[in-house]
Amino acid sequence: MSATTSLPLAVADAVWAEIKSAGRASDEHLSILETLFGKNMLRACKIVDERGVRRVTGAPSGRSLFVVMGESKRKEEYLCFPEHLCTCYSFFYDIVGRGEQLCCKHQLAARLAEAVGEHQEMEVTDEELAHMLAKL
C-alpha cells in the first residue's frame, strides 16, 4: 500500500473507531468521511438510511459478511467484506482495476451501518453461508 492511500485509510479507520465508540456519526465525522470518499460516502449514507444493509452470520461459527443493496432500480444485492472486498462492478473496475477509489459505496455503507448499529441481522447455518460464498 502506498503512502498516498495508507494515510487516508488510517484517518478513516480512526473516524470509524470514534463512530463505533460513540454509537453515532456526528456531522464532523460524516464531513471527514465525505472529504476522504467523496460521493461514495453520500451514497453510502443513503443506503444506510434506506435500511439496505444486512449482516449475515453463520452458526455456529459466528463468521459473518454483509449483504448490501444497490441503488439501481433492479435493487441488486452485493456480498461485502467492508474492509476487503465487494462483489459490485465498481469495486473491480474503479478500485482494483483503475485504483481511482479507496472503497465502494457498499463497503462504506456496511462500515457505517455496523458502526452505528443500523443494519439488519440475519442468521444462517455455516453451510448456507458457505453456499453464499461459493457464488463469488
Side-chain angles (χ1 to χ4, degrees):
M1 181 179 307
S2 72
T4 57
T5 59
S6 61
L7 182 59
L9 289 175
V11 170
D13 285 343
V15 173
W16 290 123
E18 285 182 18
I19 293 170
K20 193 166 191 170
S21 175
R24 63 180 284 286
S26 69
D27 289 343
E28 182 181 358
H29 291 137
L30 294 174
S31 177
I32 292 167
L33 293 171
E34 184 182 348
T35 299
L36 294 171
F37 301 111
K39 65 182 179 181
N40 278 348
M41 190 63 212
L42 297 173
R43 291 175 174 161
C45 289
K46 182 178 180 212
I47 292 169
V48 173
D49 288 345
E50 293 175 353
R51 309 271 304 148
V53 180
R54 287 191 324 263
R55 179 172 37 202
V56 180
T57 304
S61 72
R63 292 182 179 98
S64 65
L65 57 81
F66 286 85
V67 177
V68 182
M69 187 183 334
E71 290 183 294
S72 73
K73 292 181 193 268
R74 294 183 304 239
K75 297 294 182 195
E76 294 174 336
E77 294 183 326
Y78 303 101
L79 299 184
C80 187
F81 294 93
E83 296 179 40
H84 305 289
L85 172 85
C86 182
T87 58
C88 73
Y89 176 79
S90 178
F91 181 83
F92 291 100
Y93 187 71
D94 294 329
I95 298 161
V96 175
R98 299 190 319 183
E100 291 183 356
Q101 301 287 330
L102 296 171
C103 56
C104 72
K105 64 187 171 195
H106 309 106
Q107 290 174 291
L108 293 169
R111 285 197 82 172
L112 179 61
E114 180 180 39
V116 298
E118 289 292 325
H119 60 281
Q120 300 169 48
E121 292 281 353
M122 181 177 165
E123 188 171 295
V124 298
T125 66
D126 284 331
E127 185 177 339
E128 290 170 309
L129 189 64
H131 285 294
M132 291 175 75
L133 293 169
K135 296 177 184 176
L136 288 179

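This one's a predicted model, so the numbers in the text were calculated from it and none came from an experiment. We're numbering straight along the sequence, starting at 1.
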**Report entry** Donor-acceptor pair between Glu114 and His119 side chains, under 3.5 angstrom
**Finding:** no
Query raised in the report: Can Ser31 and Glu28 be counted as having a side-chain donor-acceptor contact under 3.5 angstrom?
Result: no
Report task. Could you tell me whether Asp94 and Lys105 make a salt bridge, using a distance below 4.0 angstrom between a side-chain N and a carboxylate O? Result -> no
Requested in this report: Could you list the residues that satisfy side chain to side chain donor-acceptor pair (under 3.5 Å) with Gln120, not counting sequence neighbours?
Outcome: none
Hydrophobic clusters here meaning ILVMFWY residues chained together by side-chain heavy-atom distances under 4.5 Å, can you tell me if [X] and [Y] are in one?
| X | Y | value |
| --- | --- | --- |
| Tyr89 | Val67 | no |
| Ile32 | Leu42 | no |
| Leu79 | Tyr93 | no |
| Val11 | Ile19 | yes |

Query - Full working for side-chain contact (heavy atoms from CB on, under 4.5 Å) between Glu18 and His29 - result: CA-CA 8 Å; Glu18 285 182 18; His29 291 137; 3.0 Å; yes
Between atom [atom1] of [X] and atom [atom2] of [Y], what is the distance when rounded to the nearest 0.5 Å?
| X | Y | atom1 | atom2 | value |
| --- | --- | --- | --- | --- |
| Arg54 | Ser64 | CZ | OG | 13.0 Å |
| Glu50 | Cys45 | CD | SG | 11.5 Å |
| Leu108 | Gln101 | CG | CD | 9.0 Å |
| Glu76 | Thr87 | CD | OG1 | 9.0 Å |
| Phe91 | His106 | CZ | NE2 | 12.0 Å |

Query raised in the report: Just wondering, are more than 12 heavy atoms of other shown residues or ligands nearer than 6.0 Å to CD in Glu121?
Result: yes
Query raised in the report: In terms of heavy-atom contacts, does CZ of Arg63 have more than 12 from other residues, nucleotides or ligands at under 6.0 Å?
Result: no
Query raised in the report: Can you check salt bridge (charged side-chain N to carboxylate O under 4.0 Å, His left out) on Lys39 and Glu34, steps first, answer last?
Result: CA-CA 7 Å; Lys39 65 182 179 181; Glu34 184 182 348; over 6 Å; no
Query raised in the report: Among Phe81, Tyr78, Phe92, which residue meets the side chain to side chain contact (heavy atoms under 4.5 Å, CB included) test with Cys86?
Result: Tyr78
Query raised in the report: For Glu118, which of Arg55, Arg51, Arg111, Arg24 qualifies under salt bridge (charged side-chain N to carboxylate O under 4.0 Å, His left out)?
Result: Arg51
What heavy-atom pair brings [X] and [Y] nearest, and what distance separates the two atoms?
| X | Y | value |
| --- | --- | --- |
| Ala25 | Leu112 | CB-CD1, 4.2 Å |
| Ser61 | Asp126 | OG-OD1, 2.6 Å |
| Ile95 | Cys104 | CD1-N, 3.2 Å |

Kindly indicate whether the side chain of [X], heavy atoms from C-beta on, has any atom under 4.5 Å from the side chain of [Y].
| X | Y | value |
| --- | --- | --- |
| Val68 | Glu77 | no |
| Val53 | Met69 | no |
| Trp16 | Leu33 | yes |
| Leu102 | Pro8 | yes |
| His131 | Lys135 | no |
| Val124 | Thr57 | no |

